[in-house]
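The structure appears right after this line, and notes come after that.
Residue numbers start at 1 and run along the sequence shown.
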Amino acid sequence: MYKDSNYQSEMIEKIKAKRELMINSANKLGFISEQTIKYSQELDELINHYQRVIGQTSKSTEEVKFAFKHMMMVWPKVLV
């Protein structure tokens with residue numbers, strides 16, 4: 001699920017939408033209004049979630065690369 005590029009695109013769109021809400025709220029109500037702060041906190045949560053998802057994806061990729069390198073080191077020994 002997390003590796004799905006559609007999921008990542010959806011997350012980015014949610015982040016953009018929340019950011020726009022926060023900016024509009026700040027312009028209308030002020031930077032320290034309750035609504036602006038609420039949007040800011042929600043935006044932080046979305047960004048943190050996105051970063052965790054990206055981190056998991058890149059970690060999985062690194063694990064696969066590591067396993068492949070070790071497999072490549074073993075193959076010649078087996079074939080000899």
For Thr36 against Ser25, the heavy-atom pair lying closest together
OG1-OG, 2.6 Å
Could you check if a side-chain atom of Tyr7 sits within less than 4.5 angstrom of a side-chain atom of Val53, using non-hydrogen atoms only?
yes
With a 4.5 Å limit on heavy-atom distance, are the side chains of Asn48 and Gln51 in contact?
yes
NZ-OG distance between Lys18 and Ser40, expressed to the nearest 0.5 angstrom
11.0 Å
Using every non-hydrogen atom in the two residues, find where Tyr50 and Ile12 come nearest and quote the distance to one decimal.
OH-CD1, 3.5 Å
Could you report the tightest heavy-atom contact between Leu46 and Lys14, atom names first, then the distance?
CD1-O, 3.8 Å
Glu42/Lys38 salt bridge by N-O under 4.0 Å criterion
yes
Is there side-chain contact between Tyr39 and Arg19, with heavy atoms separated by less than 4.5 Å?
no
Rounding to 0.5 Å, atoms CD (Gln35) and CE (Met22) come to a distance of 12.0 Å
How close do Ile15 and Leu43 get, counting heavy atoms only, and between which atoms?
O-CD1, 3.5 Å
Glu10 side, atom CD; Ser5 side, atom OG - distance, nearest 0.5 Å
10.0 Å
Using the rule that Ile, Leu, Val, Met, Phe, Trp and Tyr join whenever any side-chain heavy atoms are under 4.5 Å apart, tell me whether Ile47 and Ile54 fall into a single cluster.
yes
